[in-house]
Structure formats: C-alpha cells, structure tokens
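Report on the following structure.
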Amino acid sequence: MRRLIREAAEDDAAEGSVRMEIQADPTSYAPYVGGITPALEIIIDEAPRDTGVDIGVIVAASRMKHPLDARTLARLAASFAGDGPGEVVGFGLSNDERVGSTASFAPAFRIARRAGLVGVPHGGEL
C-alpha cells in the first residue's frame with residue numbers, strides 16, 4: 001500500500017501535476033493491516049509531502065456492502081477530515097452502480113457532509 005501511494009504521487013509529479021486525490025475503500029485492506037482505521041492511517045501517513053504533489057484522500061464505501069458499513073466509513077472519514085496534504089477531503093461510493101439503492105447511502109453522506117467532506121459519488125447521484 002505504501003509503495004503504491006508513493007509511486008502514484010511520484011508519477012503525477014513527473015507529469016507536472018500539483019494535486020492528486022486518491023480514493024480508497026479501507027475495508028479492502030483492513031484484513032491485512034488490522035482494521036479499517038489502520039488501513040486509512042497507512043494511506044494518510046504515506047501521502048508523501050516531498051514530491052510537490054498535494055494529496056487529498058477520498059474514503060469510498062462499497063455499494064456491495066450494507067449501507068450501515070458506509071456510515072461506519074463516513075464516521076471514520078470524518079475523524080480524519082481536513083484540507084491539508086494527506087487529510088481526508090471527501091467521501092464517495094465504489095463498485096457496481098447497478099447494486100443497491102443510492103438513496104440508502106444518503107445517511108452516510110450526511111455524516112460526511114457534517115464533517116465538511118465533499119460528497120463524491122459518481123456523476124448524477126444523490
């Protein structure tokens with residue numbers, strides 16, 4: 001995970017980018033690193049500040065999981081919310097758009113919005 005984040009930032013820097021937003025679903029990595037909080041902390045901690053690329057983190061909830069899981073992730077994202085490098089700037093959805101009702105994820109987006117996070121589902125949703 002650490003290497004991928006660093007390499008993404010280095011690649012963007014080489015292309016002249018000054019801002020990158022990386023979206024991740026911490027539940028995908030949680031079994032390997034001890035939970036969703038450590039997974040998000042790895043992403044945040046590794047967002048390099050020495051590449052010249054400002055990195056914002058977007059926490060994504062999977063449509064394949066229950067909407068209550070999305071609320072848990074929204075609360076986690078809110079606890080790391082900010083607008084500085086390596087902080088969580090947004091909350092979104094990932095996975096198959098044909099699965100689940102988008103409206104059922106609205107409570108999670110309300111949690112994120114109250115924390116000042118930008119809602120970034122796919123275009124036209126919510």
Closest non-hydrogen atom pair between [X] and [Y], with its separation:
X: P107; Y: A103; result: CD-O, 4.0 Å
X: A77; Y: F91; result: CB-CD1, 4.4 Å
X: S104; Y: P67; result: O-CB, 3.3 Å
X: A74; Y: A112; result: CB-N, 4.3 Å
X: G92; Y: I58; result: N-CG2, 4.0 Å
X: A39; Y: A30; result: CB-N, 4.2 Å

- Starting from the C-alpha separation in whole Å, work towards a yes-or-no answer on side-chain contact (heavy atoms from CB on, under 4.5 Å) for I42 and V33. CA-CA 9 Å; I42 288 170; V33 298; 3.6 Å; yes
- Message: For the CG atom on D83, are there more than 12 heavy atoms of other groups (residues, nucleotides or ligands in this structure) within a distance under 6.0 Å?
- Response: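 Incorrect, the count does not exceed 12.
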- Any link between I22 and L4 through a network of hydrophobic side chains (Ile, Leu, Val, Met, Phe, Trp, Tyr) touching at under 4.5 Å?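 Shared cluster, no.
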- Item | Cluster link L76 to I111, ILVMFWY, side chain under 4.5 Å |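 Different clusters.
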- Quick one: salt bridge (charged side-chain N to carboxylate O under 4.0 Å, His left out) partners of R113, sequence neighbours excluded?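 Testing R113 for salt bridge (charged side-chain N to carboxylate O under 4.0 Å, His left out), a comparison that skips the adjacent residues, returns none.
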- Item | Residues Q23, S94; criterion side-chain contact (heavy atoms from CB on, under 4.5 Å); working and verdict | CA-CA 9 Å; Q23 177 175 302; S94 64; 3.9 Å; yes
- Query: Nearest 0.5 Å, what's the CG-OG1 distance between D12 and T51?
  - Reply: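 The CG atom of D12 sits 8.5 Å away from the OG1 atom of T51.
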- Value rounded to 0.5 Å, distance of CE in M20 from CD in E15: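 M20 atom CE to E15 atom CD measures 11.0 Å (nearest 0.5 Å).
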- Message: Tell me whether E46 contacts the main-chain N or O of I43 through its side chain, where contact means a donor paired with an acceptor under 3.5 Å.
- Response: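 No; zero donor-acceptor contacts below 3.5 Å.
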- I would like to know whether L117 and F109 meet side-chain contact (heavy atoms from CB on, under 4.5 Å); could you show each step before the answer? CA-CA 9 Å; L117 298 174; F109 279 91; over 6 Å; no
- Lys/Arg-Asp/Glu bridge criterion (N-O < 4.0 Å) met for D69, R63: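 Not counted as a salt bridge, because no side-chain N and carboxylate O are separated by less than 4.0 Å.
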- Message: For F80 and V57: C-alpha separation, side-chain torsions, deciding distance, then whether side-chain contact (heavy atoms from CB on, under 4.5 Å) applies.
- Response: CA-CA 10 Å; F80 288 92; V57 178; over 6 Å; no
- Query: Can you name the one residue among L73, V88, D45 that meets side chain to side chain contact (heavy atoms under 4.5 Å, CB included) with L40?
  - Reply: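 Passing option: V88.
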- Message: Run the side-chain contact (heavy atoms from CB on, under 4.5 Å) test against R19 and tell me which residues pass, sequence neighbours left out.
- Response: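 E21, D54, V89.
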- Item | Summary of side-chain hydrogen bond (donor to acceptor under 3.5 Å, both in side chains) pairs that have at least one residue in residues 24-38, sequence neighbours excluded |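 Every pair satisfying side-chain hydrogen bond (donor to acceptor under 3.5 Å, both in side chains) with a residue in residues 24-38: D25-T27, T27-K65.
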- Query: Is the shortest heavy-atom distance from the side chain of R6 to the side chain of D50 under 4.5 Å?
  - Reply: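 Side-chain contact under 4.5 Å: yes.
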